[in-house]
Amino acid sequence: MNIGELYDRSIASTYDRDERGLLSGGRDLAFRQIEKFVPADEIRNILDLAVGTGQSLVAMQTLFPHAALHGIDLSEEMLSIAKTKLTFHSIHDDVANTDRHFAQNSMNLLLMHFLTTFVDGEEVLKRTAKFLQPNGYYSIVSSTFEAFPRIYSLARMLFSEEFIREKNPAPASTETILSFCANAGLEIVSVERFTKKVSFTDFEDFYSFGMSSGFFTHVLSELDEAQVAGLAGMEGVFPLEDEYCASVVLARRPR
Ligand SMILES: C[S@@+](CC[C@H](N)C(=O)[O-])C[C@H]1O[C@@H](n2cnc3c(N)ncnc32)[C@H](O)[C@@H]1O
């Protein structure tokens, strides 16, 4: 099952609950960066790469009421939810195919919020930065591999590092994301870090969060029954306190 189908079937209907506020926390920092640094009168076209349920485009509509809004996503269900919230040019496709739908130098603002867990972030940034006009802005919110250190140290007791990294290709750290930006020819405008303590009362609480939020769905859904039972049966683990973190970066294509 590809990621789009996984979102269609298992995540879209519960995604906006965002019960622990991890998505809204990261996005809100990005919205504040954009409001502070991006000149409103220069923004005519905004493209959201992995628009999801449209939460970021809704905020952009408020900040830039005259801009044309565009969004691409692999999940039809996520796009349908977004369409109930706002009118935008909606494309059901992989971000790898962005050049089939948009011309180079056509956007003033690109958003890539919570996509890097599923794609090669460096590759996507390199491929998509060219859609920005000179002096166009690129807003990135990205979980890093520093998120959920307790959960991943438990996972390492059951799975190889290789398996874990293959399932979670998130950038290692903020510095990794900054290097992606540099390699895509972007200059950094602002860097923030969102962190939040997260607790899970028991395995069911963790599993239900992991599946319905999208944060661990792509990993948990690949485990067989015995592997899930192995995780559920670990003693002395719950209640579990952990920490989430995401990097929030605003970059710009030089003039
Ligand atoms: C965690 S959600 C983020 C959605 C939105 N950006 C937000 O901030 O809530 C990840 C989204 O990326 C989409 N996605 C994953 N891989 C993709 C790809 N290669 N191309 C397009 N969309 C993709 C999923 O369908 C899902 O809607």
Side-chain angles (χ1 to χ4, degrees), residues 1-34 46-61 69-86 88-102 109-128 131 138-144 147-148 167-171 194 209-222 244-250:
M1 198 189 309
N2 74 27
I3 293 293
E5 287 165 353
L6 195 62
Y7 267 85
D8 284 346
R9 286 193 208 173
S10 306
I11 307 170
S13 63
T14 47
Y15 184 78
D16 275 345
R17 287 187 199 155
D18 190 21
E19 279 156 8
R20 284 165 168 89
L22 306 185
L23 297 164
S24 58
R27 282 193 219 105
D28 285 350
L29 274 185
F31 301 158
R32 273 186 254 149
Q33 273 179 333
I34 292 169
I46 302 173
L47 169 59
D48 192 340
L49 301 163
V51 61
T53 59
Q55 289 299 96
S56 294
L57 277 193
V58 167
M60 293 307 102
Q61 190 173 48
L69 305 174
H70 314 265
I72 186 164
D73 202 285
L74 262 185
S75 161
E76 273 188 296
E77 281 304 310
M78 296 289 272
L79 285 169
S80 323
I81 294 170
K83 285 181 211 159
T84 65
K85 300 176 188 171
L86 80 167
F88 67 105
H89 173 206
S90 160
I91 308 273
H92 178 220
D93 204 348
D94 194 308
V95 288
N97 301 326
T98 303
D99 54 0
R100 292 186 191 164
H101 310 285
F102 299 98
L109 175 60
L110 289 180
L111 312 176
M112 183 169 65
H113 295 167
F114 298 105
L115 176 65
T116 48
T117 319
F118 307 106
V119 295
D120 178 335
E122 179 162 33
E123 180 66 23
V124 171
L125 262 159
K126 266 195 203 151
R127 276 171 174 251
T128 53
F131 295 103
Y138 206 131
S139 166
I140 302 158
V141 182
S142 169
S143 297
T144 67
F148 302 117
K167 298 298 167 209
N168 178 12
F194 171 71
F209 162 78
M211 289 298 282
S212 63
S213 64
F215 275 98
F216 292 105
T217 323
H218 55 300
V219 181
L220 293 172
S221 61
E222 295 232 358
Y244 174 70
C245 62
S247 304
V248 183
V249 176
L250 185 67

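This chain uses plain numbering: 1 for the first residue, then up along the sequence. Atoms within a ligand are numbered from 1 in the order they appear, just like the ligands themselves.
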(request) Check salt bridge (charged side-chain N to carboxylate O under 4.0 Å, His left out) between D120 and all other residues, then give those that pass, not counting sequence neighbours. (result) none
(message) Can you classify the ring geometry of F215 versus Y244 as parallel (below 30°), tilted (30 to 60°) or perpendicular (above 60°)?
(response) perpendicular
(message) Would you call the rings of H218 and F118 parallel, tilted or perpendicular, taking 30° and 60° as the class edges?
(response) perpendicular
(request) Would you confirm whether the ring centroid of Y15 sits within less than 6.0 angstrom of the ring centroid of F114? (result) no
(message) Taking the ring of H70 and the ring of F131, is the distance between their centroids below 6.0 Å?
(response) no
(request) Taking only heavy atoms of the protein into account, state which residues are under 4.0 angstrom from an atom of ligand 1, in chain and number order. (result) I3, Y7, Y15, R27, A50, V51, G52, D73, L74, S75, M78, D93, D94, V95, H113, F114, L115, F118, V119
(request) For the residue pair L47 and T128, establish whether any side-chain heavy-atom pair is separated by less than 4.5 Å. (result) no
